[in-house]
Amino acid sequence: MKFIDRCKLFFTPQNALFEVLQKYSQDFLAGEDVPVDNWRIDTDTAMGFSAVFACNKVLSETLASCPILLYEKDDKGNRHQVTDTPEYGVLHYAPNAEMTPGQFKEFGMTNINLGGNFTAQKVFNLHGELLELRPISWERIRIDIDKTTGRLLYFIDGKQEPKTRDEILHIPGLTLDGYIGITPLTYAALTVDVGLSQDKFERNFYHNRASTSGIFQYPNELGEEAFQRLKKDIKKNYMGFSNAGVPMILEGGGQFKEITMKLTDAQFLESKRFRIEDVCRIFRVPLHLVQDLTRSTNNNIEHQSLEFIVYTMLPWFKRWEENLNLQLLSNDSKRRNRYFEFNISGLLRGDIKSRYEAYAQGRQWGWLSVNDIRRLENMNPVEGGDIYMQPLNCIDATMANEYFKKRDESKNKIIREEIFNLINEGK
C-alpha cells in the first residue's frame, strides 16, 4: 500500500491536515526538501554559511587578542596596574588548567554570537579566592529567572538543582529583558537559510548540469525506447565534472542547440552578495574583514577599520568589563576602586610613520616622555627617560597678567637706562 493511501485510512480528503500531509509527502518522495516556516537555524548549520563563520571569527579573535588588565585608582584619580590578585591571575595567565586567556575569551565571544550568552563556573579555594573559571557551552545550560527573588538561575546539563550568580560568571549579549541574551541568529535565520540554499543551488548547478545543456531536436517523433536510451546516455556520458567538455554524439538525425545559462543572468551573484552583506550588517562587521573587497580602497579600509573598533568592538569590550567588574572582583577590590579594562592600544596602532608623528607631538608638547614612548613600542626604559619637556614659548594661563606686567616693567627699565645714559653722555 502506498504511503498516501495509508494516510487516507486516518484522514479524510476534506481534512486540511491531510492535504498538507499529502503535499509534503509528494514533495518528499520527489526529492524536494520539506518546507519549514519557523526558520530555526541551529549552530552547526549557521556556521556552515561562510559569512556567519567569518563574522564570528573576526569578533571572537579581535576580542581574544586584547589582554585584560586590572587597575586601581587612588583618591587623586591616578591609577596603577595591579598584578597580585587572584582574579587578575585567572584572566591574565590561566583561566583554568586547560585553556589560555585567549582561548577563554574566544570561546566566550563565540558563545555570545551563536547562543546569546557566555557562562563559566567559578571555582574558589577555602579562603574564598577565585582559582578557576570553567566555561560552559551555551547549549548545556538553561537560564531562568526566579519569580520570587528575581535572581538568575542556571540549570546545567538538565540538572534539577540550579546554580546562582555567585557560582556562575554570566556575560549576556543583546537582551530583551535585561538579563538573558539573545543570539542574532534568532532574527537572522531567514537570511542564513536563504544563503545556505543559494550555496546548495550553486553546488547542484555545477555538479548535476550537463556542460553542453540545451535543446535536442529530432526531425521525427522520438520513440519511447530511443527516448529512454538518450536520457541514459546523457546521464552516463555527459553529466558531472568528469564528463565536462565531452563532445555529444546523437543518433537518428538529432540536433543539439546549446543554451548558455549563466548564474549572473539570474542575478545569482548579486543576490548571494546581498546575503553576505545582510549577515555582516547583523553582526556589524565591515565587508572587507570578511574578504569582500568589492567596494574597498586603501583609504576607506583604514577608516572602516577604525569604525569597527569604535562602533563594533568598543561596546563588546565595555560589556565584558562591566560584567567582570560586577561578578569577579572581591569586596576588598571594590573598596580599593579596582576595575578591569581591556588594553586595546594594539588595535589602534597605525603605521610606523603615523605613530612616530604622534609620538613627536606628544614629546614636543610635554605629555609624553622618552620612556612613555618606549613602553608603547614594547621597549625597555632608559636612564633619564622620564623627563617631560615643555616649550619655552608657553606659559601658565593664570600667570599671563603677571607675565605681561613684568615684561612691561622690564621694557620701561631698559628705556629709562637708555635715557639716563644719553643724558650722561651729553654732559
Side-chain angles (χ1 to χ4, degrees), residues 61-95 100-102 104-105 298-299 301-303 305-311 313-314 316-318 320-322 324-325 328-330 332-404 406-407:
E61 290 183 348
T62 302
L63 186 133
S65 65
C66 297
I68 303 176
L69 304 180
L70 181 62
Y71 293 99
E72 180 178 318
K73 185 177 292 187
D74 59 24
D75 297 335
K76 296 181 180 180
N78 299 320
R79 73 173 188 174
H80 65 275
Q81 188 176 346
V82 179
T83 60
D84 58 353
T85 63
E87 51 264 35
Y88 173 81
V90 168
L91 290 177
H92 193 74
Y93 295 110
T100 66
F104 180 82
K105 289 176 286 187
N298 292 334
N299 293 329
I301 280 183
E302 182 178 358
H303 289 87
S305 298
L306 180 60
E307 290 176 354
F308 169 69
I309 301 302
V310 174
Y311 298 114
M313 293 309 305
L314 186 59
W316 283 115
F317 290 136
K318 289 300 179 183
W320 276 68
E321 290 169 357
E322 291 176 353
L324 294 176
N325 293 335
L328 290 189
L329 289 179
S330 63
D332 180 63
S333 292
K334 292 178 181 178
R335 284 193 298 268
R336 294 170 178 263
N337 291 325
R338 292 174 178 171
Y339 58 93
F340 289 106
E341 184 177 290
F342 279 88
N343 183 4
I344 64 173
S345 59
L347 299 178
L348 299 174
R349 291 163 64 97
D351 58 87
I352 189 170
K353 181 176 182 295
S354 301
R355 294 204 313 274
Y356 283 9
E357 288 177 352
Y359 293 154
Q361 291 184 0
R363 177 71 173 141
Q364 175 183 350
W365 292 102
W367 67 76
L368 286 177
S369 68
V370 172
N371 284 340
D372 290 335
I373 297 173
R374 293 179 67 86
R375 276 190 290 270
L376 292 172
E377 290 294 318
N378 294 321
M379 301 169 67
N380 293 328
V382 296
E383 185 177 354
D386 294 321
I387 299 175
Y388 293 87
M389 298 191 305
Q390 182 174 352
L392 295 176
N393 61 343
C394 296
I395 62 171
D396 189 343
T398 59
M399 300 175 61
N401 292 332
E402 183 178 354
Y403 168 78
F404 288 117
K406 289 182 178 181
R407 188 189 66 177

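- More than 12 heavy atoms of other residues, nucleotides or ligands lie within 6.0 Å of OH in Y71, so this atom counts as buried by the packing criterion.
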Residue pair L328, L91: steps toward the side-chain contact (heavy atoms from CB on, under 4.5 Å) verdict: CA-CA 10 Å; L328 290 189; L91 290 177; 3.9 Å; yes
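- When all heavy atoms are compared, the tightest approach of E72 to V82 is CB-CG2, 3.6 Å.
- Here the side chain of N371 pairs a donor or acceptor atom with the backbone of V382 at under 3.5 angstrom.
- Note that CD of E341 and SG of C66 are 11.0 Å apart. Values are rounded to the nearest 0.5 Å.
- Between A64 and G102, the closest heavy-atom pair is CB-O, 3.3 Å.
- Note that NE2 of H80 and CG of D74 are 8.0 Å apart. Values are rounded to the nearest 0.5 Å.
- Looking at residues two or more places apart in sequence or on another chain, you find no ring pair (Phe, Tyr, Trp, His ring centres under 6.0 Å) involving W316.
- We find the CD-CG distance between E307 and L314 to be 13.5 Å, quoted to the nearest 0.5 Å.
- Between the side chain of K73 and the backbone N or O of Y339 there is no donor-acceptor pair closer than 3.5 Å.
- With sequence neighbours excluded, the residues satisfying side chain to side chain contact (heavy atoms under 4.5 Å, CB included) with N343 are P67, L69, S345.
- Closest approach of I68 and K105 over heavy atoms only: CD1-CD, 3.8 Å.
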Stepwise side-chain contact (heavy atoms from CB on, under 4.5 Å) test for L347 and S65: CA-CA 9 Å; L347 299 178; S65 65; 4.2 Å; yes
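- A distance of 9.5 Å separates NZ of K318 from CG of N325, quoted to the nearest 0.5 Å.
- In this structure, D332 and T85 have side chains that are not in contact, with every pair of non-hydrogen atoms separated by 4.5 Å or more.
- Pairing each heavy atom of Y388 with each of G366, the nearest pair is CD2-O, 3.5 Å.
- A salt bridge is defined here as a Lys NZ or Arg NE, NH1 or NH2 lying under 4.0 Å from an Asp or Glu carboxylate O, and E87 with R338 fails to meet this definition.
- Between P101 and A94, the shortest heavy-atom distance links the atoms CG-N, 4.3 Å.
- The aromatic rings of F342 and F317 sit tilted relative to each other, their planes meeting at an angle between 30° and 60°.
- In this pair, H92 and Y88 present their aromatic rings parallel. The plane angle is below 30°, not in the 30 to 60° band.
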